Each structure stands twice: as structure tokens, then as C-alpha cells.
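Note that the structure is a prediction, hence the values are computed from the model and not measured.
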Amino acid sequence: MSDSRTDAAAAADPDAASTVASAVAAAPFVRLFGHADGDALAACGLLAVALRDREIPFRVHVSADPSGDIIDGEESDGEPDDSQTIVVSRGQRGPAELAVPARDDRQPASVAAAAISRELGVDPDPVLALAGVIAAGETPGGAGGDDLLAAAESAALVERRPGVAVPTADLATDLAHSTRLDAPFSGAVDAAGELLADLGIPTDSDTEIDAETRTQLASAVAVEAATADPAAPQAADSVEAALRPYATPTTPFATLGGYADVLSALAREAPGVAVSLAFGAPEAVSEAVETWRDHAAAAHAALDAPTTGRYDGVYVLRVETDRLSVLPTVARLAREFRSPEPVALVVSEPIDGRRRAALAATGPRGLDDATATVAREFDGDAGGTPTNATLAVDDSVADGELIAAVREALADD
């Protein structure tokens, strides 16, 4: 069930950043094809800023299958023949000669993009890059992001404090909508407000909350997530990633983790808004938060009452939702908080003649290859990385048939 190409130890190419920078510096036009996840979107934002500052024309395209879009011819739309195409995705393989990060490099795309920005002579925004690192499931000081964290801390751009990682000061609303958590109050603002009231915490702003109260809140949230009725043993560890956040006083978002949460939602719903955020457009902030909350509400609603099944290595959740964009978020939450197996597979009811699925794994397990195999079998579409993938087939394919095909493909990989 593993992907040997990503499981094998692979050292990062020390010249990868300079190779990409040299190629785009001389290009008349650059096309960025990013995977629809928060890390890749942060990387696209960093690269877009660098290209703008270098006055290099560019276009950003974000999708579940950026490499497939290139194969289908979406990479050319009248741009010069000597333009450059870059695939931005962790673990993604495809026809583009330039990849961020480099193939077989495990570091987050946002870390690689920051290095390329520096090679282009543009200082990357360390807060955006670190938000991308968190969206990739890594800690800000790990996965090659230690220099970014050091730069952000020395410039007083981030400061670690007790509490919970949310994007705004509206605690009740943000706790209920956070997709970094799966707790009894998830999706329910009133329930989150009751939790805060029990702790004596104001629901509209956390500006006056002292460190001790923030610690009490974090402890209460951790207990709620770890002891929830559907929680799996790993929930206690997963919720830790949302606690003791890095505050970001100079950005429109309250914490790095909250920023990462917003980016992950925008990747599925409105990637152009994230690029506007990278450019510093203040009007994009409210749209970003509204989009995140809308996405999160639909994701938690889909997780409210799934039909589940456990198989060897795969935990299946059949959900009802009319927002297919939330399926990857649902799969991630299920894998982090509910799944007793290393792979969570979420399957929707057919919509518009298509049955769709999303998968998330605890580590690189060849999900991109497995879903591509199933897509070929049923003449469908697939995209993703070794740890997260999506799949769409005709509605004539029964859910049981699709689940069996995914399990077989994972076992054969």
C-alpha cells in the first residue's frame, strides 16, 4: 500500500531552486499549475509575488489534477512558445520539466517556493510560507522551514502563545468552523459558544484573554476532540496541531494555523482569492474568511452522520453533500480524527451523473497512483498526491464497486 518512490529516502536537490529560478528569469511567460491544497496554493502565491516583482508575466491555474490539465493541453493559451510551465505540488509527477518542489523532494511546496523567490532576488513572505508548511501537515520549524520560522520570529511577525489556532478573533464562530478540529461543537456555533461560556471566555474577541485562560481553552478543546464519540486513538495527537498556535499580529489572520486553514479551503473553492491575499489586497480578507466558513460548515455537515465501514487498511465513509469541493477536507478530518485505518476513503452520492470520492492517508501510500488506476478502469478522472487524492467516475458505478476497486488498487501498489 506504499509508494516506494516517495517512501525511499531522497535528499533535496541543492540546485533545484536555482534551476527553476534561472528558467523563469529568462522566460517571456510563466504558467503555474498548482494542486488544490493549501501548501501548493501558498507556494503559488509566493511565486506569483516573485514573478510580479521581477515583471515576468504569469498565469496561475489550480486544480485537483494539474499534471492532467497540462497533458490535456490547458497549458497553452496563446502564450509564447518559449514560456515555462511549472507544476506546484508536493509529490506530484507529470510532464512539466519544472516542478516545485523538485521530484522526489519531500519538503513542502511552500518551502521550495520561498527558496526560488530568494534565488530570483525577492524576499518571500515568511508568514505565507509558514502557513503553507502547516497546511502541508508539518510543523512550522520542520520540513525545511526552520529558516523561515527564524526570520519570522526575528522580525516579530510570529509569536507562539497558548490557545487554539483560528483565523479571527471571533472565537465561537471560528471554533465551530475550524477544519483543524473534529469535536462535538464542530459545525455548531451555539455549542462552541456554550463551551466558551462554561470557561468564562467572551465569544466575540480574545484580545483580553490572558495566557492562563487560553491554556484552559486549549485543554478543553483537546479533551472534547479526544473523547468525542467517533474519535479514534490518533485524535488526541491530531488535535495537538491546532493548539499553542503562532500568533501573527501583522497579518489579517490571528494565527498561522488559522491562515493555513483558510488557505486549504480557498484551494478548493477560490484559489484566486489566495493569490490576492499574497499580493496584499485588503478586500480579499473578508471574502477569504467567508469562503472558509462556508466550506467548513459544509464539511462538518457531511461528517455529521456518515455511513461507515471498516476494511483492512481502509476506513470508508459514505456521506451526503451537495458541495463536492469539501470531500478532500472531509477525508482529511476523518483520517486525522476518526479513522482506525491508515487510509480514509470518503464516497458521495452521485451528483450530475458522477460519483466522487476523496482519500487521505497517514503518510505516502501511493494514493495518486491508486486513484489513477481506478480512473482508468472506469474511464473516470483522478488527481492528487501520495497522501491525498480525489476520484470521479460515472454514476453507473456502484459505491461498493468503487470501494472494492480502490482497495484493490491500494493493495497492488
Practice prompt. Using a strict 4.0 Å threshold on nitrogen-to-oxygen distance, state whether Asp395 and Arg354 make a salt bridge.
Written response: no
Worksheet item: With distance as the sole test, does Ser117 use its side chain to make a donor-acceptor pair with the main-chain N or O of Pro124 at under 3.5 Å?
Response: no
Worksheet item: For Gly313, does its backbone N or O pair with a side-chain atom of Glu341 as donor and acceptor, under 3.5 Å?
Response: yes
Practice prompt. Considering only NZ, NE, NH1 and NH2 on the basic side and carboxylate oxygens on the acidic side, decide whether Arg106 and Glu138 come within less than 4.0 Å.
Written response: no
Worksheet item: Taking atom types as modelled, is there a side-chain donor on Thr362 or Arg335 under 3.5 Å from an acceptor on the other?
Response: no
Fill in: Minimum heavy-atom distance between Ala232 and Pro340, given as atom pair plus value
CB-N, 4.5 Å
Discussion item. Between His300 (side chain only) and Ser178 (backbone N and O only), is there a donor and an acceptor less than 3.5 Å apart?
Written reply: yes
Discussion item. Would you say Ser264 and Asp261 are linked by a side-chain donor-acceptor pair, where the criterion is simply a distance under 3.5 Å?
Written reply: no
Fill in: Donor-acceptor contact present, side-chain Thr173 to main-chain Asp170, <3.5 Å
no
Practice prompt. Taking the side chain as every heavy atom from C-beta outward, state whether Thr215 and Glu212 have any atom pair closer than 4.5 Å.
Written response: no
Discussion item. Testing the basics here: between Leu157 and Pro249, what is the closest heavy-atom pair and its distance to 0.1 Å?
Written reply: O-CD, 3.5 Å
Worksheet item: Do Arg355 and Asp394 pass the salt bridge (Lys or Arg N to Asp or Glu O under 4.0 Å) test, and can you show the C-alpha distance, the side-chain angles, and the key distance before you say yes or no?
Response: CA-CA 6 Å; Arg355 186 183 300 280; Asp394 189 81; over 6 Å; no
Practice prompt. Taking the side chain as every heavy atom from C-beta outward, state whether Pro271 and Val60 have any pair of such atoms under 4.5 Å apart.
Written response: no
Worksheet item: So, are Asp123 and Arg118 salt-bridged, with charged N and O less than 4.0 Å apart?
Response: no
Fill in: Side-chain donor/acceptor of Gln216 to backbone N/O of Ala211, under 3.5 Å
no
Worksheet entry | Shortest non-hydrogen contact between Ala220 and Leu199, atoms and distance | CB-CD1, 3.9 Å
Worksheet, complete the sentence: Here the pair of heavy atoms bringing Ala302 nearest to Val330 is CB-CG2, 3.9 Å
Discussion item. Main chain of Glu336, side chain of Ser238: is a donor-acceptor contact present, judged purely on distance under 3.5 Å?
Written reply: yes
Practice prompt. Taking Arg180 for its side chain and Ala241 for its backbone only, find out whether a donor-acceptor pair lies under 3.5 Å.
Written response: yes
Discussion item. Tell me if a side-chain donor or acceptor on Arg318 pairs with a main-chain N or O of Gly309 at a distance below 3.5 Å.
Written reply: no
Worksheet item: Would Glu119 and Val20 satisfy side-chain contact (heavy atoms from CB on, under 4.5 Å), going step by step from the backbone distance to the final call?
Response: CA-CA 9 Å; Glu119 290 288 338; Val20 175; over 6 Å; no
Worksheet entry | Check: Thr291/Glu269 side-chain N/O donor and acceptor closer than 3.5 Å | no
Worksheet item: Under the side chain to side chain donor-acceptor pair (under 3.5 Å) criterion, do Thr179 and Arg332 qualify, and how do the steps go?
Response: CA-CA 9 Å; Thr179 69; Arg332 175 177 55 79; 3.1 Å; yes
Worksheet item: Is it true that Arg90 and Asp37 have a side-chain N and a carboxylate O under 4.0 angstrom from each other?
Response: no
Worksheet item: Do Arg407 and Asp312 sit within salt-bridge range, that is, some charged N less than 4.0 Å from a carboxylate O?
Response: no
Practice prompt. Mark yes when over 12 heavy atoms from residues, nucleotides or ligands other than Asp352 sit less than 6.0 Å from its CG; otherwise mark no.
Written response: no
Worksheet item: Is it true that atom CD of Glu320 has more than 12 heavy atoms of other residues, nucleotides or ligands lying nearer than 6.0 Å?
Response: no
Discussion item. Please check: side-chain N/O of Thr371 versus main-chain N/O of Asp368, any donor-acceptor pairing under 3.5 Å?
Written reply: yes
Discussion item. What's the separation between atom CG in Leu98 and atom OG1 in Thr85, rounded to the nearest 0.5 Å?
Written reply: 8.0 Å
Worksheet item: If only atom types and distance count, is the side chain of Thr248 paired as donor or acceptor with the main-chain N or O of Phe253 below 3.5 Å?
Response: yes
Worksheet entry | Distance-only side-chain donor-acceptor flag, Ser348 / Arg356, under 3.5 Å | no
Worksheet item: Do Arg293 and Asp174 sit within salt-bridge range, that is, some charged N less than 4.0 Å from a carboxylate O?
Response: yes
Discussion item. Could you check whether His35 and Thr385, counting side-chain N and O atoms only, form a donor-acceptor pair closer than 3.5 Å?
Written reply: no
Worksheet entry | Student check: side-chain heavy atoms of Ile86 and Arg31 closer than 4.5 Å | no
